[in-house]
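Below: one structure, written as structure tokens.
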Amino acid sequence: MPQDIYDKIMMLAKRRGFIYPSFEIYGGVAGFYDYGPLGSQLKNNIEKIWREYYLLKDKCVEISTPTVTLYEVLKASGHVDEFTDLTVDCKKCKQSYKVEDIIDEKLSVENAIKEEKVKCPNCGVKLKDVHPVNLMFSTKIGIGKSRDAFLRPETAQGIFTDFHLLYRYAREKLPFGVIQIGRGYRNEVSPRQGAIRLREFSMAEAEIFFDPKDKKHPNFEKIKDEQIILFDNIKETKITFEKAVKDKVIDNQALAYYIYLTQDFLLSTGIDAKKFRFRKHGENELAHYATECWDAEIYSERFGWIECVGIADRSAYDLRSHIESTNTDMYAIKKFEKPKTVKIKKITPKMDALGPLFKGKAGKIKNILENMVIKDITKLLIEIDGETVEIPDNCYEIVEKIEKQAMEKFVPHVIEPSYGIDRILYCILEHSYNETEKKGVEYRLLKLNINVAPIKVGVFPLINDQKLVKIAREIDLDLRNAGIATYYDDGGTIGRRYARMDEVGTPFCLTVDHETLKDKTITIRDRDTTKQKRKKLDEIVVYIKDKL
RNA sequence: GCGGAUAUGAUCUAGUGGUUAUGAUAGUGGCUUCCCAAGCCACUCACCCGGGUUCAAAUCCCGGUAUCCGCACCA
């Protein structure tokens, strides 16, 4: 079988300690990969740069929440219902079945369960304990009296469920952003596409909360003349962010700003600008929580255009869902410059009439009436416990009041940039991969950006002479003490050592030679040109630091 | 999930019923004292897993797992 670039990269990745298939000695499992020593460093470096963008440039705050997530949270967020299959287990046959596969075709799944017509296709036993299963990994918290839970399909819900605390931390001012980097899980039906579609993957997500009437970003002015690399499903174009927002290509400044930030971040990690674009989701493509969504797509020779980042306007969807399920106060407050005085009509229930008429329901009705917004009413109809009830007019009075309002409450909207770290990492490897020939032999080179390269400097003595070795080891230690990742190597020949460093993307190599003993200089070799310069020994640490 | 192909050291690969399981690359130790995978010597490492057929299985059969290609599913 001819090897394509993916095979070559995965071969190199395995050989050199970037990526290993997980549990390989037990046959491996699709959708799981390990990061080896260099892969872990590469991933750390990508996440480090990402944090610089979101924590420093954008002043977000970072939190860390559990991967095991309570059923109710994901029920409220819509994830439980989004792609659910109902299944049952037959204890006798020790088999699981999808309910819809084993019931009479005429019955709906709901009715089959209600009427207890779910039977094991193998032994005919009536099956109970129907439980939903979907693409989320389910688990239980505790033993015996346990609670249902899932491994989270996104880190975002951890941020939403802490919103009221974070809003207070942000001193009750909008906009503010919260980030989280962590693992997410999806029990993919068929995880083809190797390292690109994983069942456990690393996500970096930011949730930035805005006043829905003011989706402006304070930094937008500075970046408005930058250009977005845009794909409209027909061709690629470039327009400025300012024009994109003005023409409503992008709905609002906030969304536009994070699209810009994403573009800048990805290009700074070494993604090739020619293999990069943004694409807006069509309406039928949108996830259940999104009103507008942009994908950063990165081109892979093997997989085509891969979605690596999704930037969604989730509006008030999630916070509103959690308010509805828990009654937690997740509103933001906007104080008016001057308090408004408003005439409002309010209903005052007359309990002496209401009570005898509605008995047990009277309390609930009272509550609803007192919180109603009143328009012109001829008939007062309310919904209670699924019924519509008419309230006779002797049961209430409408009173007009003048109230002072100093503020209004609203559910903030959220803009969510969500990054698939593993996909970005693979794309960086693919875009960095170069193949040439040296003396007729295949020569592999990773042109990793210095910021993401797991090793920044290789340090060698030209020959294995103790005088040279001693100096080389000292330089190696100096660099590491200065926070620079190095790799010391005195094995084999000098050419082999350079080749090894080229293959793992190390941008610089320092070699101590005989001249070093005479004039205290050292050669520094550039990975991409293989050219060498001599530098003073005592200037080398500063010289390398400046490049970072 | 369905159908097809594939599975031999870290990597690439020879072997199609009986081999000490082939070769190369990479790796390790040494020699060489050397600026781009040089050379020499030595060494380490493999038949995907489980059953079956057979005197004998890396080789044939069945099942599983993984990878790749279609289809379906998902975003």
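First the proteins, then the strands, lettered A, B, ... as listed; each starts at 1.
- The same atom, C1', is picked in B:A72 and in B:C2; the two are 8 Å apart, to the nearest Å.
- Look at A:Arg320 and A:Glu324 and you find no salt bridge, because none of the NZ, NE, NH1 or NH2 atoms lies under 4.0 Å from a carboxylate O.
- Of the nucleotides present, B:A66 is the one that pairs with B:U6 by Watson-Crick or G-U wobble criteria, both distances under 3.5 Å.
- Taking the side chain of A:Lys14 as heavy atoms from C-beta on, and the options B:U11, B:C35, B:C34, the nearest nucleotide is B:U11.
- With A:Lys248 as the fixed residue, the side-chain contact (heavy atoms from CB on, under 4.5 Å) test singles out one of A:Val245, A:Ile250, A:Asp251: A:Asp251.
- Rounding to whole angstrom units, NE2 of residue A:His79 and C1' of B:C74 are separated by 13 Å.
- Taking 3.5 Å as the limit, the base of B:C35 and the side chain of A:Tyr498 contain a donor-acceptor pair of atoms between them.
- Taking only side-chain nitrogens and oxygens, A:Arg16 never comes nearer than 4.0 Å to OP1 or OP2 of B:A26.
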Using side chain to side chain donor-acceptor pair (under 3.5 Å), reason through A:Glu430 and A:Tyr426 one step at a time and then give a plain yes or no. CA-CA 6 Å; A:Glu430 202 189 289; A:Tyr426 170 77; 2.7 Å; yes

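- On a pure distance criterion of 3.5 Å, a polar donor-acceptor pair joins the side chain of A:Arg197 and the base of B:C74.
- You'll find a donor-acceptor pair under 3.5 Å spanning the side chain of A:Arg525 and the base of B:C36, going by distance alone.
- Rounded to a whole angstrom, the distance from the P atom of B:U44 to that of B:A66 is 35 Å.
- A:Tyr185 has its OH atom 24 Å from the P atom of B:C74, to the nearest Å.
- Both A:Lys531 and A:Gly491 lie close to RNA chain B; mapped to their nearest nucleotides by heavy-atom distance, the more 5′-ward contact belongs to A:Gly491.
- Contacts of A:Asp502 with the nucleic acid, taken as non-hydrogen atoms under 4.0 Å apart, are absent.
- One interatomic measurement links the two molecules: CD1 of A:Ile196 to C1' of B:C68, which rounds to 16 Å at whole-angstrom precision.
- Within 4.0 Å (heavy atoms only), A:Asn464 reaches at least one base atom of the nucleic acid.
- Both distances falling under 3.5 Å, in either a Watson-Crick or a G-U wobble arrangement, place B:G1 opposite B:C71.
- Remark on RNA chain B: of its neighbouring residues A:Arg302 and A:Arg15, the 5'-side contact belongs to A:Arg15, judged by nearest-heavy-atom nucleotide.
- Rounded to whole Å, atom C1' of B:U25 lies 15 Å from atom NZ of A:Lys8.
- The structure places NZ of A:Lys274 at 10.5 Å from NE2 of A:His431, a figure rounded to the nearest 0.5 Å.
- Under 4.0 angstrom from either OP1 or OP2 of B:A38 there lies at least one side-chain N or O belonging to A:Thr493.
- Taking the side chain of A:Glu307 as heavy atoms from C-beta on, and the options B:C74, B:U11, B:A75, the nearest nucleotide is B:A75.
- Side-chain proximity of A:Ala499 to B:C34, B:C74, B:A37: nearest is B:A37.
- Nucleotide B:G29 has B:C41 as its partner under the Watson-Crick or G-U criteria, with both atom distances under 3.5 Å.
- Salt-bridge annotation for A:Arg525 and A:Asp502: present, with a side-chain N of the basic residue lying under 4.0 Å from a carboxylate O of the acidic one.
- With P as the reference atom, B:C73 and B:C60 are 37 Å apart, rounded to whole Å.
- Both distances falling under 3.5 Å, in either a Watson-Crick or a G-U wobble arrangement, occur for no nucleotide opposite B:A46.
- Straight-line distance between the P atoms of B:C74 and B:G1: roughly 16 Å, to the nearest whole Å.
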Test A:Tyr6 against A:Phe303 for ring-ring contact (aromatic ring centres under 6.0 Å, His included), laying out the working first. CA-CA 9 Å; A:Tyr6 175 80; A:Phe303 302 110; 5.2 Å; yes

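- Distance noted for atom P between B:U53 and B:A58: 16 Å (whole Å).
- A distance of about 33 Å separates the C1' atoms of B:U54 and B:C12, rounded to the whole Å.
- B:A26 and B:U65 have their P atoms separated by 38 Å, with the value rounded to a whole Å.
- Atom CZ in A:Arg497 sits about 16 Å away from atom C1' in B:G27, given to the nearest Å.
- The separation between A:Ile25 atom CD1 and B:G50 atom P is 13 Å, rounded to whole Å.
- Looking at heavy-atom distances under 4.0 Å, A:Tyr443 makes contact with a base.
- The side chain of A:Arg500 places an N or O atom within less than 4.0 Å of a non-bridging phosphate oxygen (OP1 or OP2) of B:G27.
- For B:U16, the base adopts the syn conformation, since its glycosidic angle falls within 90 degrees of zero.
- Between the CG atom of A:Asp7 and the C1' atom of B:C68 there is a distance of 9 Å, rounded to whole Å.
- B:A57 and B:G52 are spaced 11 Å apart, taking the C1' atom of each and rounding to whole Å.
- Listed candidates were B:A66, B:C74, B:C35. Nearest to the side chain of A:Thr523 is B:C35.
- If you measure from atom CZ of A:Phe201 to atom P of B:C74, you get 17 Å, rounded to the nearest angstrom.
- Judged by Watson-Crick or G-U wobble contacts below 3.5 Å, the nucleotide B:A14 has no partner.
- Between A:Arg152 and A:Thr69, the side chains place no donor N or O within less than 3.5 Å of an acceptor N or O (distance only, hydrogens not considered).
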From CA spacing to verdict: ring-ring contact (aromatic ring centres under 6.0 Å, His included), A:Phe265, A:Tyr419: CA-CA 11 Å; A:Phe265 162 74; A:Tyr419 296 65; 5.5 Å; yes

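- Nucleic acid contact for A:Gln532: base, since at least one base atom lies under 4.0 Å from a heavy atom of the residue.
- Distances were taken from every side-chain heavy atom of A:Tyr6 (C-beta onward) to each of B:A37, B:C68, B:C36; the shortest belongs to B:C68.
- Across every strand in view, B:A21 sits unpaired, with no contact that passes the Watson-Crick or G-U test at under 3.5 angstrom.
- For A:Arg444, counting side-chain heavy atoms from C-beta on, the closest listed nucleotide (B:A66, B:C74, B:A37) is B:A37.
- Each of A:Glu205, A:Glu416, A:Glu292 was compared with A:Arg314 under the salt bridge (Lys or Arg N to Asp or Glu O under 4.0 Å) criterion, and only A:Glu416 meets it.
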